[in-house]
Each structure stands twice: as C-alpha cells, then as structure tokens.
> 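Before I ask anything, here is the structure I am working with.
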Amino acid sequence: MEGSSSEGGAEGLGDYNSSNIKRARLRSTLSALLQDPILADVPKSPTLPDVDTLISLELGSAMRVSVLKLDGSSFDFAVMNSATVKDLKLAVKRKVTDAEESKMGHRQISWKHVWANFCLSYHNQKLLDDDSKLQDFGIRNNSQVHFIPYVMSKNTKRHSKRKKHRFFHGLSKCI
C-alpha cells in the first residue's frame, strides 16, 4: 500500500511538472505569435476582452478609433460598436498605460488628474457624458478623436475652457 501511495504521489508530481511544461509551451507559443507583424495590434499581455474585441473588429461588430494627442502623435485601439464614452476612456487608459510601461517600466499616471484637465472631443463636440454611446456623436470605424485641454469647474462640475495659469501676471502689478 505504501508503495502505491508513493507512486500516486509521484504521478501527482509528474502531472504538476507536465502542467508547468504545458504552461511554459503556451507562453512561448503566445510570445512567438505576438511577435508576428500581423498581430501588432494585440497587446503584449492580452486579456480575454481584448481578444474578443479584436475578433469582433474582424467580424465588423467593433470599430477602430484613433486618438490624437496634444503633441501630434496618435494611437489606435478597438472598441465595440455599442461602446460608451466611458468604454473609450478605459481603452485610452489601457493603451497609454501599456505604452508607458513598455517604454519606461512601471509608471503611475493620475487618470483623475488627466480627466479633470483634459477631455476627448470629436468634431468639436466634447465627449463629457460617460454614459453616451459613441455612435450618438457620429463616431464610426476609423474615426479620430482628439485630446483637448479643458478644466472642470468646481461649482458646476462641468468642463469649461481652460484658463492659462499666469503666475507672474499678478506680480507685475505689485512692482
């Protein structure tokens, strides 16, 4: 009996080692696939929703959106056709965070600060209501949205035109 239990333990250990080997093979195969230029739009560590959205893009039930940053550079990502402004913001956050981590390692971005000082716009329409559907603004496949500087007013909790900070402006009157 003891011999059979030790064999069972060895089998359990063998199963453990084989599952680790399978995981290692899966990771190496996945990393090799992600190096393929055809799959360049797949994130380096894709989640199931990321893959699902990319499959939906190929089937036509998702759209590719480009975001133009203030420095003139842009980046693309895919969102579902039924996406809301909140979904768009989450996709922007995910894409920027992944890009920053790949360039500079772990880096923390204050998204509360970003959304308090900037907003997204499409054809001069500010995308402020998180529950609004992107299609209500006319955003379709291959549309381009822009980051624009706007500051949220403390009284109304709504975005207003950003005011330039003039630190030295008040000092010149005193002198």
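In what follows, residues are counted from 1 in the order of the sequence shown.
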> Return each pair, listed once, that meets salt bridge (charged side-chain N to carboxylate O under 4.0 Å, His left out) where at least one residue sits in residues 128-138; pairs must be two or more places apart or across chains.
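Found K89-D130.
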
> For the residue pair I148 and L70, what are the closest heavy atoms and their distance?
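Heavy atoms of I148 and L70 come nearest at CA-CD2, 4.3 Å.
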
> Closest heavy-atom contact between A62 and N81?
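Shortest heavy-atom contact: C-OD1, 3.2 Å.
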
> For a quick test of reading the model, state the closest non-hydrogen atom pair linking Q144 to Y122 and the distance between them.
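That closest heavy-atom pairing would be O-CD1, 3.3 Å.
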
> Taking all non-hydrogen atoms of both residues, which atom of S143 and which atom of G138 are closest, and how far apart?
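Result for this residue pair: OG-O, 4.4 Å.
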
> Which atom names give the shortest non-hydrogen contact between F118 and P149, and what distance separates them?
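Nearest pair, atom of F118 first, then P149: CD2-CA, 3.5 Å.
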
> Of all heavy-atom pairs between K95 and F75, which one has the smallest distance, and what is that distance?
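Minimum heavy-atom contact is CG-CD1, 3.4 Å.
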
> Keeping the roles fixed (side chain from S28, backbone from R25), state whether a donor-acceptor pair exists under 3.5 Å.
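Yes: the side chain of S28 pairs with the backbone of R25.
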
> I want to check something: taking the side chain as every heavy atom from C-beta on, are V145 and I139 in contact at a cut-off of under 4.5 Å?
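Side-chain contact under 4.5 Å: yes.
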
> Donor-acceptor pair, distance only, cut-off 3.5 Å: does the side chain of N117 make one with the backbone of V114?
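No; zero donor-acceptor contacts below 3.5 Å.
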
> Check the hydrophobic clustering (I, L, V, M, F, W, Y; side-chain heavy atoms under 4.5 Å; chains of links allowed) and say if M80 and L90 are grouped together.
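Unlinked, M80 and L90 end up in two clusters.
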
> With rounding to the nearest 0.5 Å, note down the distance linking SG in C119 to NE2 in H146.
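Going from the SG atom of C119 to the NE2 atom of H146 covers 12.0 Å.
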
> Is the side chain of S121 donor-acceptor paired with the backbone N or O of N124 at a distance under 3.5 Å, no angle test?
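No: the side chain of S121 does not pair with the backbone of N124.
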
